[in-house]
Protein chains: 2
Amino acid sequence: MAERGRKRKKVKIIPIGGLDKIGQNMTLIECDEQILVVDCGVAFPGTDMLGIDLIIPNFDYLRQNYDKVVGVVLTHGHEDHIGALPYFLREFQVPVYGTGLTLALVENKMQESTVKKYTLNKVQVGDTVTLGCFSIEFIRTNHSIGESVALAITTPVGVIFHTGDFKVDYTPIHGGMIDLPRFAELGKKGVLAMLSDSTNAERPGYTMSERTVGKTLLDIFDRSEDSRIIVATFASNVDRVQQIFNAARDHNRKVVVMGRSMVNVVSTALEIGYLDIPDDVMIDIVDVNEYPDNEIVIITTGSQGEPLSALSRMASGEHRFVSIKAGDKVIFSSKPVPGNEKMVNHVINALMQKGAEVVFENAHVSGHASQEELKLVYGLIKPRYFIPVHGEYKHLQAHSNLIAEMGHPEENIFMMTVGDVLELDKVTGEVTDHFDMEDILVDGLGVGDVGNIVLRDRKLLSENGLLIIVLTLKHGTGLIEAGPDIVSRGFVYVRESEVLLEGCRKVVMEVFDSCKQRRMNDWGGIKIEIRDALREYLWRETKRTPMILPIITEVR
Amino acid sequence: MAERGRKRKKVKIIPIGGLDKIGQNMTLIECDEQILVVDCGVAFPGTDMLGIDLIIPNFDYLRQNYDKVVGVVLTHGHEDHIGALPYFLREFQVPVYGTGLTLALVENKMQESTVKKYTLNKVQVGDTVTLGCFSIEFIRTNHSIGESVALAITTPVGVIFHTGDFKVDYTPIHGGMIDLPRFAELGKKGVLAMLSDSTNAERPGYTMSERTVGKTLLDIFDRSEDSRIIVATFASNVDRVQQIFNAARDHNRKVVVMGRSMVNVVSTALEIGYLDIPDDVMIDIVDVNEYPDNEIVIITTGSQGEPLSALSRMASGEHRFVSIKAGDKVIFSSKPVPGNEKMVNHVINALMQKGAEVVFENAHVSGHASQEELKLVYGLIKPRYFIPVHGEYKHLQAHSNLIAEMGHPEENIFMMTVGDVLELDKVTGEVTDHFDMEDILVDGLGVGDVGNIVLRDRKLLSENGLLIIVLTLKHGTGLIEAGPDIVSRGFVYVRESEVLLEGCRKVVMEVFDSCKQRRMNDWGGIKIEIRDALREYLWRETKRTPMILPIITEVR
């Protein structure tokens with residue numbers, strides 16, 4: 001009875017960051033006036049976000065609650081989960097926890113940043129860490145990067161289980177299979193809420209084991225006795241890189257590693273002993289042409305067709321050491337990320353045109369669980385509340401449908417959006433609040449100084465270029481001292497458009513004369529009239545709408 | 001013996017236009033000083049071609065040989081085969097030949113253009129037309145647009161067989177199956193060269209019949225008794241539209257047609273009697289909300305996620321008449337064209353978020369032949385020379401491999417690039433020449449006035465915006481009368497960057513003072529020094545590289 005009037009204790013779950021993928025880049029768990037941060041990653045801009053390098057989560061809520069933040073726990077070392085740490089750690093002096101490979105990649109990032117004071121705490125798979133009122137267990141999973149973990153976060157209200165990015169791999173390359181027995185044990189004891197990876201929720205069946213790729217690679221190597229072999233893959237997939245090294249070793253080929261991020265990851269993984277490479281297999285890039293074709297394997301970045309990557313430069317003949325030639329075999333151990341298909345095709349065409357054979361077949365598997373695996377993990381954990389994360393809306397929807405079909409009550413499934421605040425206890429769960437969290441765009445050194453207005457200007461400039469009109473007036477008299485001078489960029493070839501630009505000059509003079517007759521001497525007003533008249537004239541003549549910038553200068 | 005010293009008569013094949021898809025937009029057949037033009041289409045710009053609307057074939061070679069051009073023959077009415085006619089016909093007064101639906105769509109285009117004098121000659125499937133030394137037979141095929149034809153072009157040297165875009169459909173919706181018997185007959189008589197559609201040359205098996213989509217649609221309609229049904233598809237696929245109307249009629253639903261191009265094509269197809277719709281099925285868009293949900297079908301554009309399309313506007317709530325609501329069923333009777341996946345996903349997410357159910361399954365088939373069909377047609381025609389067309393390099397390569405596996409001698413397979421001149425006779429074939437044919441970019445009314453320099457400027461502007469410095473000098477003295485004024489767009493929020501812009505002003509003054517001390521009075525040189533100093537300053541401060549435009553004005 002003493003409890004009656006008191007509010008029951010609740011735990012809050014707040015996904016922040018992630019562009020259109022909910023709960024990917026950062027998730028907050030809040031309880032007892034303490035906030036635990038899960039992951040701290042970046043999103044990558046769409047082609048409409050002109051000139052933007054990265055998108056980081058909005059830290060406003062964390063800033064307002066600076067004293068409550070107890071620390072960051074990381075599920076794995078992919079950019080979308082660790083990439084924002086250099087931005088985060090320059091503001092927040094809190095400890096970061098992760099497994100060995102994850103932290104080695106974080107350390108790499110931090111070395112390149114200006115932040116010098118930070119604390120990284122390495123955990124072993126299976127460890128439990130206490131941070132304020134939270135105790136967090138790091139549980140082994142499988143994914144396309146090594147030492148990935150799920151998190152069992154015990155809060156004063158109950159256990160929050162976060163799968164991280166995962167798949168079920170019974171025969172992984174490194175570190176053993178996902179710890180399903182521990183999942184089952186936690187499920188038996190009772191889990192309040194589960195956040196689960198939705199990337200492949202639309203895909204039926206099972207995701208294949210990483211080990212199958214190794215077999216495929218060996219088959220392809222077998223069939224390529226006379227070729228130089230070039231394998232393009234994701235730099236962060238260290239287990240894939242390991243398998244390429246293994247295939248090379250089995251075929252007595254030397255390996256050259258190319259591409260900045262590939263070189264980075266391989267040397268990091270070697271340093272911490274995660275990669276296992278016989279001493280004499282890897283050779284230096286400058287020696288690549290010292291060996292016959294059938295004794296060389298090149299592992300490279302560029303599997304997404306990135307125009308500046310090592311593979312693209314090899315294909316276009318712009319690489320310092322390697323040019324593609326007839327007989328080369330290029331294996332894409334990868335799949336185009338949606339939106340990159342055209343760039344990838346472009347590189348494939350270029351490779352083929354140089355005479356290379358390009359191979360795709362089965363040389364890649366996904367790192368994310370398909371429907372049967374998602375159902376398996378749900379069936380083991382059996383949480384009271386289910387929260388699909390790490391997916392676009394359609395993926396979350398597919399995941400929700402899947403879990404609902406297994407009998408989970410629909411009212412206990414929460415499809416959240418960035419900034420939603422979900423409050424839970426053992427009795428009820430509901431979204432009680434929402435923070436507006438605009439994406440923070442990073443352009444060069446600028447964080448958040450490019451927003452919608454700047455992007456709108458860039459879009460306008462990108463489509464039709466610009467026209468500048470410079471007019472110098474005499475102070476007091478309003479007479480023209482110089483100009484109108486017209487400068488254009490990205491609009492038309494100036495050489496071929498003298499008539500058009502002369503027409504513009506005439507339009508400007510007409511507007512100016514008319515303004516003078518009306519005794520208008522408000523420069524802002526004159527500029528607007530010039531702009532409107534020019535816009536109309538140019539649309540009529542060219543059906544284009546460049547940005548028009550009248551600049552009026554006054555001299556005395 | 002009389003022949004010995006004389007050159008044997010040859011026929012030339014010259015693919016022009018088509019960006020990275022060879023032989024798609026326009027192909028020239030030249031013999032006896034006469035040129036036949038096959039198709040006259042546009043390519044669509046990649047995302048790197050900022051602000052470009054269309055790309056048309058380069059007509060330079062045709063201009064230089066104006067008197068030789070005998071006419072244009074069209075294979076079908078898709079934009080990539082007819083879209084450049086308004087540009088072509090304003091220069092070339094030659095007759096155009098095509099089937100009824102093709103010409104009706106051409107007529108539509110010409111009405112919207114400023115060209116008033118042109119001759120369109122309608123042919124029936126099966127007709128033969130004589131143009132100069134060429135006689136051209138129009139032979140029925142199947143494709144994703146009605147009344148598509150292959151062309152058997154009899155030249156003085158032999159028969160050139162051009163498949164056009166095709167598939168083999170034994171149960172088409174309209175007009176009967178591809179005329180394989182005639183193909184076989186021509187093959188028996190002997191074909192010198194075949195140009196064949198390579199779009200699906202990487203795809204094993206057979207492409208399904210268009211009719212299978214009708215069955216799928218009926219199934220979905222059966223399962224959607226209470227829903228408003230919205231079907232998004234390609235406007236030009238009139239047979240698809242016919243099947244949607246049929247399904248609606250069978251389910252006693254009224255049909256509303258939405259989207260400019262959809263309305264255009266439907267009314268054109270109705271006018272020429274190609275579409276067969278009962279009088280009372282189609283209703284006006286303004287009446288769409290007069291009927292209950294389960295009595296309405298909306299056919300709409302936007303299946304590629306185009307941001308301004310009717311479907312996107314319905315999804316975002318910006319459409320005048322229709323907003324998506326819970327219970328709506330949206331059928332994508334389409335497949336994303338490579339490069340559009342992200343836009344399509346964006347629309348799907350938006351539709352789902354409004355509560356619509358989105359359906360993809362089997363509601364689309366390709367209009368292009370898969371490997372078994374390609375082999376069938378090759379096996380019937382058995383040409384001496386084989387030229388894979390209508391594909392990126394990788395498609396042409398796959399098609400070549402396929403035909404080589406059937407025993408075609410590899411030296412008689414020609415993988416051409418735009419501008420190659422292939423000379424053939426019954427004895428030899430070789431690429432004897434190559435014309436450099438730069439793509440002609442269309443931006444608004446401008447044809448070819450946007451080239452690499454303009455595009456490079458647009459790219460630069462799009463990524464980092466621009467900074468303008470205006471400096472007004474006194475003639476003779478070289479003293480500053482006004483400025484430096486600094487204007488920026490698409491670079492940084494001006495409000496938040498006063499310090500930075502003040503820094504720019506300081507840099508400009510320092511450079512200017514230094515120039516003055518060195519008695520430098522070459523404005524061009526001063527501008528370059530200002531630009532270089534500002535570039536360095538801005539890179540240091542922001543790691544960005546905006547376009548920097550110093551403008552110096554002189555007053556007396």
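Each chain gets a letter, A, B and so on, in the order its sequence line appears, and its residues count up from 1. Because the structure is predicted, anything quoted here is derived from the model rather than measured.
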Practice item. Sort A:E341 into side chain, backbone, both or neither according to what part of it lies under 4.5 angstrom from a heavy atom of chain B. Key: side chain
Check your understanding: At what distance, to the nearest 0.5 angstrom, does CG of A:L549 lie from CG of B:L466?
Key -> 7.0 Å
Review point. Of all heavy-atom pairs between B:R458 and A:L461, which one has the smallest distance, and what is that distance?
Key: CG-O, 4.0 Å
Check your understanding: Atom CG of B:N464 and atom CG of A:D443: how far apart are they, to the nearest 0.5 Å?
Key -> 5.5 Å
Exercise for review: Can you tell which part of A:I468 gets under 4.5 Å to a heavy atom of chain B, answering side chain, backbone, both or neither?
Suggested key: side chain
**Study point:** Heavy-atom pairs under 4.5 Å with chain B, option from A:M547, A:H395, A:E554 with the top count
**Key:** A:M547
Revision key, fill the gap. Of the listed A:G51, A:G339, A:G490, the one with the largest count of heavy-atom pairs under 4.5 Å with chain B is A:G490
Review point. Looking only at heavy atoms, what is the nearest atom pair of B:L50 and A:S462, with distance?
Key: CB-O, 2.9 Å
Study note, to complete from the structure: In this structure, CD of B:E392 is separated from NE2 of A:H346 (nearest 0.5 Å) by 9.5 Å
Point to revise | Residue part contacting chain B, namely of A:Q397, when any heavy atom lies under 4.5 Å | key: side chain
**Study point:** Which atom of B:A482 lies closest to which atom of A:V555, heavy atoms considered
**Key:** CB-CG1, 3.9 Å
Point to revise | A:T417, part contacting chain B, at a heavy-atom distance under 4.5 Å | key: side chain
**Study point:** Part of A:T472 lying under 4.5 Å from any heavy atom of chain B
**Key:** side chain
Point to revise | Side chain proximity check, B:N345 to A:K394, heavy atoms < 4.5 angstrom | key: yes
Review point. Can you tell me if NZ on A:K354 sees more than 12 non-hydrogen neighbours from other groups inside 6.0 Å?
Key: yes
Review point. Got a second to check how far A:M352's CE is from B:Y393's OH, nearest 0.5 Å?
Key: 8.5 Å
Exercise for review: Give, as side chain, backbone, both or neither, the part of A:D485 having an atom under 4.5 angstrom from any heavy atom of chain B.
Suggested key: side chain
